[in-house]
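Numbering of residues begins at 1 and proceeds along the displayed sequence. Predicted model only: the values in this text are computed from it and were never measured.
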Amino acid sequence: MQWLDSCCHFRVHLVSWLSSFLWQQSSLHLDHSGRPRKDHQTATEVEIIESIQLRNIMCHSMLGPSKFGSNVNFVVGNNGSGKSTVLTALIVGLGGKAVTTNRGSSLKGFVKDGQNSADISITLRNRGDDVYKANVYGGSIIVQQLISMDRSQYYKLKSESGAVVSTRKEELIAILDHFNIQVDNPVSVLMQEMSKQFLQSKNEGDKYKFFMKATQLEQMKEDYSYIMGTKERTKEQINQGEERLTELKHQCLGKEERFQSIAGLSTMKSNLENLKHEMAWVVVNEIEKQLNAIRDNIRIGEDRAARLDREMEEQQ
């Protein structure tokens, strides 16, 4: 997908839109008669912008819904008629930063003078081979952004039927990543100021920066640096984790030994209680033996006393 905002100094400016047209020409399969094959006709229908509608955006009180074709579209008008506003709204409506448009530093600057809020609604086609959550959104995804003067910003991601599916910007980012839509890439969206800067600049360094940004090599470089930094931090955390794991293993062994000793102590306590019980019964047995001996002595004494009593009676 590519949008171009011309920077020529004519009375009439052009804003053209190429929605994956070149990709279609290079990847379209033809049959023996030279016509597109039906099984490949829908392969390129995702990510195409079907329409855009603006309310209170810059010079437009109400625009649209303006419907677009699948290939090349031209927006023609006099200077100051709001052609570039459509492109600006496209960038902002798809989550781009205000500074990217070179038209303002904050979103509230895009609200029409005298109004308190603005609304951008963009419809993305979601049909073909690489659809995004077709069972949820259907054949189209409606991205609606509400902007108010208190700097608040709200997103509504709607299905083809108009039902609100999500209000989170993360969902919009996921959709753009899935469709590979890069609103801040000058190859995808070339604004007037960026094109002037590129054409008029004689500094090779500026053109190199433009090339790095357009090919996303700069972003890839930053991502690579971030990944390498994350990798080093992860390695350090792994090393610290391994050291901590070794320490925890030693602690675990010590605690297991202590547990075993505690378990042995419990067994010893149990044995001690059993021995105490046995000792008590031993004492009882000894006392019973002593009592039996005393009983025997008493019985012997009683027998002797009875014999002596009989002898005394006989003597008497």
Hydrophobic clustering (ILVMFWY, side-chain heavy atoms < 4.5 Å, transitive) - are [Y] and [X] grouped together?
X    : Y    : answer
L176 : I142 : no
L291 : V283 : yes
V136 : L124 : yes

Side-chain donor or acceptor of [X] paired with backbone N/O of [Y] under 3.5 Å:
X    : Y    : answer
H178 : V131 : yes
K158 : V164 : no
H60  : G82  : yes

Enter the distance from [X]:[atom1] to [Y]:[atom2] here, rounded to the nearest 0.5 Å.
X    : Y    : atom1 : atom2 : result
Q240 : R233 : CD    : CZ    : 12.5 Å
I181 : I175 : CD1   : CD1   : 9.0 Å
N126 : K133 : CG    : NZ    : 11.0 Å
S121 : L54  : OG    : CG    : 9.0 Å
T123 : I48  : OG1   : CD1   : 13.0 Å
M220 : I227 : CE    : CD1   : 9.5 Å

CE/M228: more than 12 non-hydrogen atoms of other groups inside 6.0 Å: yes
Over 12 foreign heavy atoms within 6.0 Å of CG, N239: yes
Answer whether the closest heavy-atom distance between the side chains of [X] and [Y] falls below 4.5 Å.
X    : Y    : result
V143 : L172 : yes
I120 : Q144 : no
I49  : L90  : yes
I57  : L63  : no
R310 : R307 : yes
D119 : Q145 : no
I298 : R295 : no

Locate the shortest heavy-atom distance separating [X] from [Y]; write the atom from each residue and the value.
X    : Y    : answer
K156 : L146 : CE-CD1, 4.3 Å
S117 : V111 : O-CG1, 3.8 Å
N73  : G69  : OD1-N, 2.8 Å
E160 : G139 : OE1-N, 2.9 Å
S61  : K112 : OG-CE, 3.0 Å
S166 : E171 : OG-CB, 3.6 Å

Partner residues of S161 under the side-chain contact (heavy atoms from CB on, under 4.5 Å) criterion, sequence neighbours left out: S159, A163
Between [X] and [Y] (salt bridge meaning N to carboxylate O under 4.0 Å), is one present in this structure?
X    : Y    : result
E50  : R127 : yes
E311 : R304 : no
E302 : R299 : no

Test side-chain contact (heavy atoms from CB on, under 4.5 Å) applied to E256 and L253, step by step: CA-CA 5 Å; E256 286 182 351; L253 293 176; 4.0 Å; yes
Parallel, tilted or perpendicular: rings of Y137 and Y132 (30°, 60°): tilted
side-chain contact (heavy atoms from CB on, under 4.5 Å) evaluation trace for I147 with Y154: CA-CA 7 Å; I147 306 172; Y154 307 96; over 6 Å; no
